[in-house]
Student: 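The structure's right below; bear with me while I get my questions together.
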Number of protein chains: 4
Amino acid sequence: MQQVANEAGVAAGTIYRYFKDKNELILELRKDVLAQVAAHILEDHHLGTLEERFKRIWMKMHNFGKQPSPANLSYEQYAHLPETNTDEIRNTEFKLFAPLQQLFEEGKAEGLLQPLHSRALYALSMEPAMTLARSIRRGLVHYEAHEIKLACDLCWKTILLPTQPTH
Amino acid sequence: MQQVANEAGVAAGTIYRYFKDKNELILELRKDVLAQVAAHILEDHHLGTLEERFKRIWMKMHNFGKQPSPANLSYEQYAHLPETNTDEIRNTEFKLFAPLQQLFEEGKAEGLLQPLHSRALYALSMEPAMTLARSIRRGLVHYEAHEIKLACDLCWKTILLPTQPTH
Amino acid sequence: MQQVANEAGVAAGTIYRYFKDKNELILELRKDVLAQVAAHILEDHHLGTLEERFKRIWMKMHNFGKQPSPANLSYEQYAHLPETNTDEIRNTEFKLFAPLQQLFEEGKAEGLLQPLHSRALYALSMEPAMTLARSIRRGLVHYEAHEIKLACDLCWKTILLPTQPTH
Amino acid sequence: MQQVANEAGVAAGTIYRYFKDKNELILELRKDVLAQVAAHILEDHHLGTLEERFKRIWMKMHNFGKQPSPANLSYEQYAHLPETNTDEIRNTEFKLFAPLQQLFEEGKAEGLLQPLHSRALYALSMEPAMTLARSIRRGLVHYEAHEIKLACDLCWKTILLPTQPTH
DNA sequence: GATGAATGAGAGTTCATTCAT
DNA sequence: TATGAATGAACTCTCATTCAT
């Protein structure tokens, strides 16, 4: 708290005029980080075809996940801690990432995507973007641009409903 | 450390006969958890065709990830903390999960799987098993058995190289 | 540290606002004790002849050394501990007791005192004041006032250069 | 205690078969160190004239005090700690250094030395040997052999009774 | 007699929080 | 409203001592 106060240029006690305690400060921080991440990733999310929209989000997510920025590290860390994913956070997350969910819903309504829960579609097609990014960030692997493109394409195809050949 | 000692039914000082300090205790715990997880998930990993082997691992991973067991929570938490993935841990992880990597390598050698780094193949096809499991464990969604099977199948197909139609 | 805090009438943590750690606290204490001792012993050190100045310091040192005051006990204890006489302490000591050293230097310049290093002159003529005082403080001996005076006089004569008889 | 046991090549618990507790171990150690020091310093103490005997002891003491040997450091440290000079230690010390005391008593009986308590004679003439040695050991000064000889001689003359000129 | 694993009180230190100014 | 000195519970770790083997 002392360090936070220092960085903010205020006295330690001042924090407590704006946040009940350390927990609340962190909760608000998480919400803020989440909002930043969402804003960045969902930028221009409505432009283009469904496939273009999906791939744009995938690439933004991947590029964001590759950076060792505080926002990203904080996001990753908190997303996977047990016991800290309160209803409040979930609600915030739900609202912020609504456009992504809507994209999946549209795709299902058009008969383009697999008839699965949007969380499942997310797990199958979007999470790999982050997992790959993590490997790169940690220096475990290095990928060429075309490999990333291939991965992105495979992710898209994963959730695509196979089209019946027409006669 | 006091709580660990209590749970172990020993005095606080006793811990230090077996572990240099808190850090080492945690490191050893992580290695132990990793070994448990690997042993469980890779059980019978060599039986059957490549597809059967993949899907068996996928399902075991998924089922393990659904449980709120200490082993699983600990695994998830540490896997995503920044700055704590030391070379020692990575080495341990690498050795323990070697069979999974080998599966991917075999698939690539047979021309069956996409020519991507095995970490990429893992990200594309295995990580979704854990992500789905996490959603279920947190009560965010509920899936029918056939949906899980579909997800597993889609994951397998994701990394499959499309076969040329024969004439 | 808890005891120090208690005696100071503050909470344990408060100490750490003023001293980095236990070591620094002790270092500062030593410097403070040294300054007190020096100030007391060197009071009026410049008044009178060289002999008067020497004997005043000798008596003050002796009287100080007889007391079981914390300052004295602390002084004696630290002065003889191995490995704790850091450069910083030595520097402080050097500056604080400079007037005593100067007295010896003056005496040598006048051809009055033995041509020895001032530390040697100190060892020969001043240290006995402390050693005697220690014996008294510990109740090992009791001296009459005239005996102390004799000891002081002998100490002075010890470092005096014998004068050639004039014809 | 563990280190002591290691160095002794026994188990930690074994120490307690020979010493009641740490305090007693240290007490016995001090007595042992004292005996060693005394034996070394008082070697051949009875040979020669009083002056020769005094100067031999003085030089041995000085040379011993210059060394950073465990025995010396231990001796210095304990000799100046408050609260640790028990009657038992004092008694031991008294017996071990009896020859030195006897030397002073003989000198007084012969009308050769100042009529002061032997502890005072010690303080005036012997302690400087240790004080000088300490300065040298700590690297604060360096002396030539003839300076040490001079210091020794001055110490002897300090306690010498001035002789009446004969007619 | 000897062992050494176990003990647990106590050490120094940290840090989220409070409150008089 | 802002301050920052003071708080004290809780932390990790040490080490003299014990006792079943």
Side-chain angles (χ1 to χ4, degrees), chain A residues 1-30 74 78 81 83-84, chain B residues 1-30 78 81 83-84, chain C residues 1-30 77-78 81 83-84, chain D residues 1-30 74 78 81 83-84 86:
Chain A
M1 298 300 276
Q2 189 59 60
Q3 285 179 55
V4 169
N6 290 347
E7 211 135 326
V10 298
T14 306
I15 296 174
Y16 293 84
R17 296 206 65 80
Y18 299 93
F19 302 95
K20 197 179 111 262
D21 56 17
K22 195 187 166 194
N23 250 328
E24 203 188 277
L25 171 70
I26 290 175
L27 194 70
E28 293 301 318
L29 177 64
R30 283 190 66 182
S74 165
Y78 278 112
L81 281 181
E83 315 274 348
T84 47
Chain B
M1 296 303 276
Q2 189 58 60
Q3 286 179 53
V4 170
N6 290 347
E7 209 134 327
V10 298
T14 304
I15 295 174
Y16 294 86
R17 285 201 68 78
Y18 300 93
F19 303 95
K20 197 179 112 271
D21 57 16
K22 196 189 165 193
N23 250 328
E24 204 189 275
L25 170 69
I26 290 176
L27 194 69
E28 293 302 316
L29 176 64
R30 284 190 67 182
Y78 277 110
L81 279 182
E83 314 274 345
T84 48
Chain C
M1 297 303 276
Q2 190 57 61
Q3 285 178 55
V4 170
N6 290 347
E7 209 134 327
V10 298
T14 305
I15 296 175
Y16 293 85
R17 286 200 68 76
Y18 299 93
F19 302 95
K20 198 179 111 269
D21 56 17
K22 196 191 166 194
N23 251 328
E24 204 189 276
L25 171 69
I26 291 175
L27 194 71
E28 293 301 318
L29 177 64
R30 284 191 66 181
Q77 175 172 348
Y78 278 112
L81 279 181
E83 314 272 346
T84 47
Chain D
M1 297 300 276
Q2 189 58 59
Q3 285 179 55
V4 170
N6 290 347
E7 211 136 325
V10 298
T14 307
I15 295 175
Y16 292 84
R17 297 207 66 79
Y18 299 92
F19 303 95
K20 200 180 109 260
D21 57 16
K22 195 188 166 195
N23 251 327
E24 204 188 274
L25 170 70
I26 290 175
L27 195 70
E28 295 301 319
L29 176 65
R30 283 190 67 183
S74 166
Y78 277 112
L81 279 181
E83 315 273 348
T84 47
T86 62

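Atom set for the values below is all heavy atoms of this structure, side chains included, hydrogens, waters and symmetry mates excluded. Residue numbering restarts at 1 for every chain, and letters A, B, ... go by the order of the sequence lines.
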Student: At their closest point, which heavy atom of C:Ala5 faces which heavy atom of C:Ala12, and how far apart are they?
Tutor: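 Result for this residue pair: CB-CA, 3.7 Å.
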Student: Whole angstroms only, please: what is the CD-P distance between D:Gln3 and E:dG4?
Tutor: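 Between P of E:dG4 and CD of D:Gln3: 17 Å.
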Student: Starting at NZ of B:Lys20, measure out to CD of B:Glu28 and round the result to the nearest 0.5 Å.
Tutor: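 It comes to 11.0 Å.
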Student: For D:Phe19 and E:dA2, what is the distance between atoms CZ and P respectively, to the nearest whole Å?
Tutor: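 The distance from CZ of D:Phe19 to P of E:dA2 comes to 12 Å, rounded to the nearest Å.
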Student: Quick one: C:Ile15 CD1 to E:dT14 P, roughly how many Å, whole number?
Tutor: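 About 12 Å, once rounded to whole Å.
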Student: Please work out if A:Tyr18 contacts a base, only the sugar-phosphate, or nothing of the nucleic acid, heavy-atom cut-off 4.0 Å.
Tutor: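 It contacts sugar-phosphate atoms only.
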Student: Across all strands, who's sitting opposite E:dA20 as a Watson-Crick or G-U wobble pair, both distances under 3.5 Å?
Tutor: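 Per the H-bond distance test, F:dT3.
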Student: Can you tell me the Watson-Crick or wobble partner of F:dC15, both distances under 3.5 angstrom?
Tutor: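 Answer to the pairing question: E:dG8, which forms a Watson-Crick or G-U pair with F:dC15.
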Student: Could you report the tightest heavy-atom contact between D:Tyr16 and D:Asp21, atom names first, then the distance?
Tutor: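 The pair with the smallest heavy-atom distance is CE2-CA, 4.1 Å.
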Student: From the set F:dA2, E:dG4, F:dT7, return the single nucleotide nearest to any side-chain atom of C:Val10.
Tutor: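 Closest of the options to the side chain of C:Val10: F:dT7.
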Student: Quick one: which protein N/O atoms are closer than 3.5 Å to N/O atoms of nucleotides 17-19 of chain F? Pair and distance per line, please.
Tutor:
from   : atom 1 : to      : atom 2 : distance (Å)
F:dT17 : OP2    : D:Tyr16 : OH     : 3.0
F:dT17 : OP2    : D:Lys22 : N      : 2.9

Student: Just do the side chain to side chain contact (heavy atoms under 4.5 Å, CB included) check on B:Lys22 and B:Ile15 with the steps written out, would you?
Tutor: CA-CA 9 Å; B:Lys22 196 189 165 193; B:Ile15 295 174; over 6 Å; no
Student: Mind checking the CZ-CD spacing from C:Arg30 to C:Gln77? Nearest 0.5 Å is all I need.
Tutor: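 Between C:Arg30 CZ and C:Gln77 CD, I get 9.5 Å after rounding to 0.5 Å.
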Student: Side chain to side chain contact (heavy atoms under 4.5 Å, CB included) with D:Tyr18: which residues, sequence neighbours excluded?
Tutor: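 Residues passing side chain to side chain contact (heavy atoms under 4.5 Å, CB included) with D:Tyr18: D:Thr14.
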